[in-house]
Undergrad: 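Please find one structure pasted underneath; my questions will follow.
Both ligands and their constituent atoms are indexed starting at 1 by order of listing.
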Amino acid sequence: MSHKTTTNRQRLLNALNCQPNDRPPIWLMRQAGRCLPEYRALKEKFTFRQLIAAPELATEVTLQPVRRFDFDAAILFSDILVVSEALGVPFQFNDIGGLQMKTLKDSGDIARLDPAWVVDRLQYVAEALRLIKQKLGDATGLLGFAGSPWTLANFMLDGGSGVAYVRALELFHSDRKAFDQLSEKLARATADYLKMQIGCGVDAVQIFDSLGGLLASDEFEAASGRWVRDIVTELGGRAPVIFFSKGARNWPAQVLTGANVIGIDHEIDISEVRRQLPETVGMQGNLDPFLLSKGTPAEVQQAARGLLEKMRGRNGHIFNLGHGVPPDAKMENMETLVATVRRFS
Ligand code: CP3
């Protein structure tokens, strides 16, 4: 049985390339961070900003969930907002975790954004990735990530937590020239940033289009999809791309981005998506994240088995949630989930 010697990293690579696997690899969005007691202990001493800015600390937080759960992949501990910050729009979190951002006021502010310095300003991420890769070796996969231009544009125009995201869509409809200029700069900066991450050894990159669901089907291509396609094209196959557009439902338009794997949220039946996606594109996600906080281990096991059965025989399946791990997820539920996927055959 040659599969018996498969490493976690190889299992991830097999799935990213839609090759047969012994079982689907598993990692979870937001697997690092507040759900883990060892992260909360670090947060007694350091702020979130300090944790992502210091390469040794970012490395430690990235590795915490891998140590505890032996996930098939680690994901860089950082935030999508570091790219908008490197473009000149800083962010911070207040004491209760609320996000505060300066926002772009007008097309003049957009014209002043300069992607030229983004990679220089994000060298602390490069340093963290090199450290993480050194520690993981070839045993565990490593994922980099960035936000999509559409999602970053929303944060940069409307700012922090608890706001309604309306200005990006308004700009898209009222001033397409300014919207395109903003999206183009974000795509440029993001492509450069992801190339840097790939140069530091990540096995794949995920593009988070967390606000994709704000778009109507006929708006998706021009407002989000084409800018993601520009990034994928610019990456030129240096590493596989996972595209996760939360709430978006137009699968053909998502496939057009050229991404190797499509992320799927938990508000849809994955069997329906499986029927609509070509076999050459991988599929990731779909388990309801709130099972981890509100469910019992037995319920988690049942739901995970159900999902695995729906995906049986489908190459390119990466097990994940439909969105991030909730901060109040129970450790016993996480353990049960990982064990259920690991035992599947
Ligand atoms: O997945 C991981 O484990 C890697 C780390 C990661 C974080 N943010 C850490 C984080 C990743 C991949 C992200 C991506 C991110 N950041 C997204 C896309 C994914 C998604 O959830 O849809 C978005 C939209 C953001 C922007 C962001 N970051 C907001 C709006 C907030 C505040 C609200 C919140 O959830 O706390 C953050 C903060 C943030 N990013 C935290 C962490 C661990 C919480 C900071 C803390 O510890 O207090």
Side-chain angles (χ1 to χ4, degrees), residues 26-53 57-66 68-69 71 73-85 89-101 125 128-129 132 141-156 158-165 168 190 193-194 197 202 204-214 224 242-248 263-267 284-285 289 292 320-329 334:
I26 177 172
W27 71 278
L28 304 179
M29 293 184 273
R30 295 275 177 112
Q31 63 191 21
R34 288 166 295 185
C35 63
L36 298 183
E38 54 271 37
Y39 176 81
R40 292 197 294 264
L42 267 183
K43 276 290 291 280
E44 301 278 320
K45 289 189 258 173
F46 303 102
T47 64
F48 174 68
R49 295 304 311 246
Q50 289 170 326
L51 291 176
I52 64 172
L57 292 172
T59 299
E60 168 59 21
V61 177
T62 300
L63 296 178
Q64 282 178 344
V66 174
R68 187 187 266 266
F69 298 112
F71 284 117
I75 180 162
L76 164 72
F77 191 74
S78 187
D79 201 272
I80 62 169
L81 301 174
V82 299
V83 170
S84 32
E85 179 162 85
V89 182
F91 70 97
Q92 56 181 39
F93 293 102
N94 62 28
D95 294 342
I96 53 162
L99 168 65
Q100 290 166 331
M101 267 179 106
V125 176
L129 282 172
I132 297 163
L142 176 57
L143 301 170
F145 71 91
S148 70
W150 165 251
T151 293
L152 284 182
N154 273 278
F155 280 106
M156 292 165 81
D158 281 316
S161 311
V163 300
Y165 294 105
T190 303
Y193 179 51
L194 291 177
Q197 294 185 20
V202 303
V205 294
Q206 175 153 326
I207 298 176
F208 284 93
D209 191 28
S210 305
L211 299 175
L214 293 175
S224 181
I242 306 169
F243 179 53
F244 175 46
S245 188
K246 187 172 180 293
I264 299 151
D265 65 44
H266 48 289
E267 310 283 345
Q284 170 183 283
L292 294 178
N320 207 319
L321 307 174
H323 201 194
V325 177
D328 59 345
M334 306 261 287

Undergrad: Apply the test ring pair (Phe, Tyr, Trp, His ring centres under 6.0 Å) to residues F48 and Y39: give CA-CA distance (whole Å), side-chain angles for both, the deciding distance (0.1 Å), then the verdict.
TA: CA-CA 10 Å; F48 174 68; Y39 176 81; 7.6 Å; no
Undergrad: Test of understanding: with ring pair (Phe, Tyr, Trp, His ring centres under 6.0 Å), list the residues that count as partners of F71, not counting sequence neighbours.
TA: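 Listed in chain order: F69.
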Undergrad: Output all residues satisfying side-chain hydrogen bond (donor to acceptor under 3.5 Å, both in side chains) with T151, sequence neighbours left out; order by chain, then residue number.
TA: S148, D209
Undergrad: Please tabulate, one line per pair, the protein N or O atoms found under 3.5 Å from any N or O atom of ligand 1, giving the distance to one decimal.
TA:
unit_1   : atom_1 : unit_2 : atom_2 : d
ligand 1 : 1 (O)  : R30    : N      : 2.6
ligand 1 : 3 (O)  : Q31    : N      : 3.4
ligand 1 : 3 (O)  : A32    : N      : 3.3
ligand 1 : 8 (N)  : R30    : NE     : 3.4
ligand 1 : 8 (N)  : R30    : NH2    : 3.4
ligand 1 : 8 (N)  : D79    : OD2    : 3.2
ligand 1 : 16 (N) : D79    : OD1    : 3.3
ligand 1 : 16 (N) : D79    : OD2    : 3.1
ligand 1 : 21 (O) : H323   : NE2    : 3.1
ligand 1 : 22 (O) : S210   : OG     : 2.6
ligand 1 : 22 (O) : H323   : NE2    : 2.7
ligand 1 : 28 (N) : D79    : OD2    : 2.7
ligand 1 : 35 (O) : R30    : NH1    : 3.2
ligand 1 : 35 (O) : R34    : NH2    : 3.2
ligand 1 : 36 (O) : R34    : NH1    : 3.2
ligand 1 : 36 (O) : R34    : NH2    : 3.1
ligand 1 : 40 (N) : D79    : OD2    : 2.7
ligand 1 : 47 (O) : Y39    : OH     : 2.7
ligand 1 : 47 (O) : K43    : NZ     : 2.8
ligand 1 : 48 (O) : K43    : NZ     : 2.9

Undergrad: Could you tell me which residues satisfy ring pair (Phe, Tyr, Trp, His ring centres under 6.0 Å) with Y165, sequence neighbours excluded, listed by chain and number?
TA: F155
Undergrad: What is the minimum heavy-atom distance between I80 and G147, and which atoms define it?
TA: CG2-N, 3.5 Å
Undergrad: Kindly state whether the ring of F145 and the ring of F244 have centres lying under 6.0 angstrom apart.
TA: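 No: the rings miss the under 6.0 Å criterion.
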